[in-house]
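In what follows, every chain begins at residue 1, and chains take the letters A, B, ... in the order their sequences are listed. Since this is a predicted model, take the numbers as computed values, not measurements.
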Number of protein chains: 2
Amino acid sequence: MAPRSYGQYCGVVRSLELVGERWALLVVRDLIVGPKRFTDLRQGLPKIPTNILSARLKELEETGVVQRRVLPRPASAVVYELTDYGRELEDIVVRLARWGGKALGEPGPDDTIARGAVIVGLKAAFVPEAAGDLEASYELHLDDVVVHMRVAGGAVEFGEGPLDDADLVIETDLSLRLLLFGQITAAEAIRTGAVKVTGKRVLLERFAEVFRMPSTGTGCAGLGARPPALSTER
Amino acid sequence: MAPRSYGQYCGVVRSLELVGERWALLVVRDLIVGPKRFTDLRQGLPKIPTNILSARLKELEETGVVQRRVLPRPASAVVYELTDYGRELEDIVVRLARWGGKALGEPGPDDTIARGAVIVGLKAAFVPEAAGDLEASYELHLDDVVVHMRVAGGAVEFGEGPLDDADLVIETDLSLRLLLFGQITAAEAIRTGAVKVTGKRVLLERFAEVFRMPSTGTGCAGLGARPPALSTER
DNA sequence: CTGGATCCCTCACGATACTG
DNA sequence: CAGTATCGTGAGGGATCCAG
């Protein structure tokens, strides 16, 4: 049952055999946030067929990346979580989010937004040096996805769902990307209605400094311009 | 022309759209070493069908990861090379090599060994802290793959092909992995014939310290115990 | 309602052959 | 040498169905 081997003794090849199948790394992405049930994963990956999700979970379990666990008594629900080995992928996934983020461009009309994507995306955007001694908690509503984070000591921790003592509550949608990519300022974001804030609104400026996606540098051209299509000649 | 979208606005998804197709990341891996011609890539990826290689190169070019370039006059050969954006993947690929390396286990009978895999694998194994003030040049023959590296100032540089002033020439095969994973010592490697050395043979010990793959830590169990093998059941 | 299994269809992938 | 052309196969996609 190794029908499609790459036939090379190489760590990259092994990685691709483990998490290179379609959807596999997105399952890992969503599990980085924490253990999830089958249905949670389905919801986070709206376009994945259930048989594929089944197959991927089985493969990831057999290869030691994911663990299947039956919750103790009252619930006795099945959850999937990363093994220690699987958790070592977090850094790589975050870097992929940062790299791919540079080429995101404008969202397509059918693009959805999932909780796992939000949290991993914000992890990718987090700039420790910019955090300094900031100490603040945020609650973020991105369409119907609600997450929260606490920034302290130059680090950040994420969680799902709301917070009851958030310093700032941010309600927004995908136009949050304009703020993250530095295409608008915090003030503009509020003024244009891209975000609505409740709480200590000066904290939105700090938010925009601390969560900042590398926009161009290298990578694809600034605004919605198509990624570099250079040589046409052959 | 976006036939299989994941339908999410997410950096990880974008990364997978760019380099997540089968073989794509291995093309990138081989191009990390330097520009390559079509035939070089074919040779480094013996099992890739030419039409697939064509397709991947075309896609990678269209998405701005790879550049196609026609060499100046006398040669007028076509080479493929990473764009600046594509080169930003190097760190990620090296980390994948390190992560997947932990689960490599024993080589299969059909596993080949390619130049790109060797160089990226050694990059993954390089431990800067262990290099200290070592200054040495190595020429490594792994089966019929010949690469070289110069260690200096706590860094290393790789190149393809031989070196005419190598401090140490190492001739070996896949059993080099035993040395990299710390399952045998440099002395044992020489004694058992796993490697043959020419030159300042004490430099092999330094080599074994400086190029060291993280074997267990977390990850799959210690010795050949249980490398997450591809299970056949079900 | 969760946690899948089963069916069928399609297209990307893979093997081989062939060309400028 | 650097690819294109052709064609078969099986993994992925989508809908539906089923057990606990």
Side-chain angles (χ1 to χ4, degrees), chain A residues 1-8 13 16-17 19-27 30-31 35-62 66-81 110 112 231-234, chain B residues 1-8 13 16-27 30-31 35-62 66-71 74-81 110 230 234:
Chain A
M1 164 77 193
R4 291 161 79 202
S5 165
Y6 291 93
Q8 291 196 213
V13 165
L16 293 178
E17 288 168 359
V19 296
E21 294 292 297
R22 193 166 162 78
W23 294 107
L25 205 61
L26 295 182
V27 171
D30 281 7
L31 290 181
K36 292 258 177 306
R37 318 224 304 230
F38 190 89
T39 310
D40 298 331
L41 289 169
R42 253 190 98 171
Q43 185 201 10
L45 274 14
K47 294 186 61 169
I48 193 174
T50 64
N51 57 343
I52 300 295
L53 179 54
S54 270
R56 288 297 165 271
L57 287 170
K58 204 165 293 178
E59 296 158 9
L60 289 171
E61 190 192 347
E62 284 171 0
V66 160
Q67 241 172 316
R68 178 194 164 105
R69 187 158 55 98
V70 179
L71 288 184
R73 287 281 304 304
S76 77
V78 180
V79 295
Y80 297 89
E81 59 190 351
D110 300 340
T112 66
S231 81
T232 9
E233 43 120 6
R234 2 204 87 172
Chain B
M1 170 69 198
R4 290 159 81 205
S5 166
Y6 291 92
Q8 290 196 215
V13 165
L16 293 179
E17 288 168 358
L18 293 177
V19 296
E21 294 292 298
R22 196 167 160 76
W23 295 106
L25 205 61
L26 295 182
V27 171
D30 282 8
L31 290 181
K36 291 259 179 303
R37 318 226 306 232
F38 190 89
T39 310
D40 298 331
L41 289 168
R42 250 190 102 170
Q43 184 200 11
L45 274 14
K47 295 187 59 172
I48 194 175
T50 60
N51 56 343
I52 301 294
L53 180 54
S54 269
R56 289 297 166 269
L57 286 170
K58 203 165 295 179
E59 295 157 11
L60 290 170
E61 190 192 345
E62 283 171 0
V66 161
Q67 241 172 310
R68 177 194 162 106
R69 187 158 56 98
V70 179
L71 289 183
S76 74
V78 179
V79 295
Y80 297 89
E81 59 190 350
D110 299 340
L230 325 118
R234 291 200 190 188

Would one find a side-chain N or O of A/Tyr80 under 4.0 angstrom from OP1 or OP2 of C/dG4?
yes
B/Phe38 side chain reached by B/Gln43 side chain, heavy atoms, under 4.5 Å
no
Looking only at side-chain N and O atoms, does B/Arg22 come under 4.0 Å of OP1 or OP2 in C/dA12?
no
When we call it a touch if two heavy atoms are under 4.0 Å apart, what does A/Arg42 touch: a base, just sugar-phosphate, or nothing?
nothing
Could you tell me whether the side chain of A/Thr112 and the main chain of A/Pro46 form a donor-acceptor pair under 3.5 Å?
no
Between C/dC13, D/dA2, C/dG3, which nucleotide has the shortest distance from any of its atoms to the side chain of A/Val78?
C/dG3
To the nearest angstrom, how far is B/Leu57 atom CG from D/dG3 atom P?
8 Å
Please report, rounded to the nearest Å, how far the P atom of C/dG3 is from the CG atom of A/Asp40.
8 Å
Under 4.0 Å between a side-chain N/O of B/Thr39 and OP1 or OP2 of D/dC1, yes or no?
no
A/Phe38 atom CZ is separated from D/dC18 atom C1', nearest whole Å, by 14 Å
Just wondering, do B/Leu45 and A/Gln8 contact through their side chains at under 4.5 Å, heavy atoms?
yes
Starting at NZ of B/Lys36 and ending at P of D/dG3, how long is that distance when rounded to a whole Å?
15 Å
How close or far is atom P of D/dG12 from atom CD of B/Glu21, stated in whole angstroms?
11 Å
With the side chain counted from C-beta on, respond yes when B/Glu17 and B/Tyr6 share a heavy-atom pair under 4.5 Å apart, and no when they do not.
yes
Do the side chain of B/Arg56 and the main chain of B/Arg22 share a donor and acceptor less than 3.5 angstrom apart?
yes
What are the two closest heavy atoms between B/Gly7 and A/Lys47, and how far apart are they?
CA-CD, 3.9 Å
Please round to 10 degrees the angle between the axis of the first five pairs and the axis of the last five pairs in the helix from C/dC1-D/dG20 to C/dT19-D/dA2.
30°
Side-chain N or O of A/Lys58 less than 4.0 angstrom from OP1 or OP2 on C/dA5?
yes
Would you mind telling me which of A/Glu61, A/Arg69, A/Gln67, A/Arg68 makes a side-chain hydrogen bond (donor to acceptor under 3.5 Å, both in side chains) with A/Tyr80?
A/Arg68
Tell me: CZ of A/Arg37 to C1' of C/dC1, nearest whole Å?
9 Å
Ordered by number, residues from residues 43-55 of chain A within less than 4.0 Å of DNA chain C (heavy atoms) are A/Thr50, A/Asn51, A/Ser54
Between A/Val79 and A/Lys36, is there a side-chain heavy-atom distance shorter than 4.5 Å?
no
Which value, rounded to the nearest 0.5 Å, describes the distance between B/Leu31 atom CG and B/Leu41 atom CG?
5.0 Å
Tell me whether the OP1 or OP2 atom of D/dG3 has a side-chain N or O from B/Arg68 closer than 4.0 Å.
yes
Looking at B/Arg56, does any N or O in its side chain come under 4.0 Å of the phosphate oxygens OP1/OP2 on C/dC13?
yes
